[in-house]
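One structure is given here, and the rest of the page talks about it.
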Protein chains: 2
Amino acid sequence: MVGIPSGADADNGPALDPQQLGVYFALMEAVSLLQHQVEVQLRAEGDLSYVQFQLLARLASVGGHLTMTQLADGVVYSRSGLTYQAGLLEKAGLITRCPSPDDERSTLVAVTEEGLALVGRVLPGHVEVTRRLLFEPLSDDDLHHLGDIMTRLRDHMRAQPPRSAVPRKRRPSRPSAAQSAPQDQDR
Amino acid sequence: MVGIPSGADADNGPALDPQQLGVYFALMEAVSLLQHQVEVQLRAEGDLSYVQFQLLARLASVGGHLTMTQLADGVVYSRSGLTYQAGLLEKAGLITRCPSPDDERSTLVAVTEEGLALVGRVLPGHVEVTRRLLFEPLSDDDLHHLGDIMTRLRDHMRAQPPRSAVPRKRRPSRPSAAQSAPQDQDR
DNA sequence: TATTGTTATACTCTATAACTATA
DNA sequence: TATAGTTATAGAGTATAACAATA
């Protein structure tokens, strides 16, 4: 997966550092594998997607209400996507939604007893999977390093300008590999 | 996101190590942010999804043919999913498919000139994004550590039994947050 | 019978845009 | 006018199962 030839002929900007590329690919693949296994576990034990789990866990961890906007924060979603997921969770009896008394535009979301119970039921298996896949092969030193690095990276990426960072377009048109290409998010 | 209360009352298995949980969440969020930005770049400059880019890059890096099965390997896909993506890429003129002379059941896939050119055109921006988001805040030492850790993790996860690792079911039924729940993969 | 790949189909998820209602 | 959230809609992507063809 390393050592991609520089397409055909044209000049292709800065050369690639093979080491960096290797780190990048290893990171992406490892997390992809982890995420997949985690999703299998969540689906099997709680019939939840990872996103749904994140939403429930977030609500559980704050222990009270959150507005839809607050709930969406960090979970990279369009508003409508969150509305959709909240609808599912509400229908399943795992959360409640009610209008905020302070600001009647807002919706307050809270976990139900049942939602809390589900999180509690799913969490041990979740921890077990991450332990087996993620923590088992790591020494305490590794764990410390990884935590340090990923925390810094996360903060760095959070701080990035949410848009505008999209690099200059090179060629506006082509047969299009995917039929159409809506690619933006609204938060 | 740390410190989820252990659902309601019941006994919930091993307690969570807050440090581990923090590392886990930081990892997942950071990669999620990175992946999102990368997808924006690939879509903007090459009208490609990350998966499509991976397929093209893989073909480009081997410099020859791959069977569908070989191509799928590592990209966590169902066969039909790969067929779908290959169909898009072929229609866009980025790859070719032809029956294998050795084994007539197999399909040999190769990048076209155009596909190679596209990879070359997209790669600089891709590298730029990863550099800005991933490598910029890391020291050489960090990079080395991260590479070491992620390589080990990837190999560890690859070596895991693909199935059977699904933890024992706790409770088979519940109102179902997602309507239905097909959750398995076929590779 | 096992393997390679495709097709038909169903469903989940996400995004855009238009909309309502409140501030 | 700006903000919070919902709805309608459309499309991308992925999975299951049935299928055809080759080994």
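In what follows, chains carry the letters A, B, and so on, assigned in the order in which the sequence lines appear, proteins first and then strands, with residues in each chain numbered from 1. All values reported here derive from a predicted model rather than from experimental measurement.
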Whichever of A/Gly81 and A/Pro101 has the more 5' nearest nucleotide on DNA chain C, that residue is A/Gly81

Between P of D/dA12 and CG of B/Leu55, the distance in whole Å: 17 Å

B/Ser49 has a side chain; which of C/dC13, D/dG13, C/dA23 sits nearest to it? D/dG13

B/S/- contact track for nucleotides 1-7 of chain C, protein heavy atom under 4.0 Å: --BSBBB

Measure from CG on A/Leu66 to P on D/dG5 and round the result to the nearest Å. 11 Å

Between C/dA15 atom P and B/Arg43 atom CZ, what is the distance in whole Å? 12 Å

Under the side-chain contact (heavy atoms from CB on, under 4.5 Å) test against A/Gln41, which residue among A/Val129, A/Val127, A/Leu48 passes? A/Val129

Derivation of the side-chain contact (heavy atoms from CB on, under 4.5 Å) call for B/His144 and B/Asp140: CA-CA 6 Å; B/His144 192 268; B/Asp140 283 358; over 6 Å; no

What nucleotide among D/dG13, D/dT16, C/dT16 has an atom nearest to a side-chain atom of B/Ser78? D/dT16

When rounded to whole Å, the CD to P distance for the pair A/Glu104 and C/dT20 reads 19 Å

Return the value, rounded to whole Å, for the distance between atom CD of A/Glu39 and atom P of C/dT12. 15 Å

Could you give the CD-to-P distance, from A/Gln85 to D/dT7, as a whole number of Å? 15 Å

To the nearest angstrom, the CG-P distance between A/Asp73 and D/dG5 comes to 12 Å

Measuring from A/Ser32:OG to B/Met157:CE, what's the distance to the nearest 0.5 Å? 10.0 Å

Is the backbone N or O of A/Pro99 less than 3.5 Å from a side-chain atom of A/Thr107, with the two atoms forming a donor-acceptor pair by type? no

Would you say A/Arg58's side chain and A/Asp73's backbone share a donor-acceptor pair under 3.5 angstrom? yes

If the condition is side chain to side chain contact (heavy atoms under 4.5 Å, CB included), which residues does B/Thr67 pass it with, not counting sequence neighbours? B/Thr69, B/Gln70, B/Ser106, B/Leu108

Would you sort out whether B/Arg158 and A/Leu33 count as a side-chain contact (heavy atoms from CB on, under 4.5 Å), showing the intermediate values? CA-CA 8 Å; B/Arg158 275 183 179 168; A/Leu33 289 168; 4.1 Å; yes

Could you check how far CG of A/Leu88 sits from C1' of D/dT7, rounded to whole Å? 15 Å

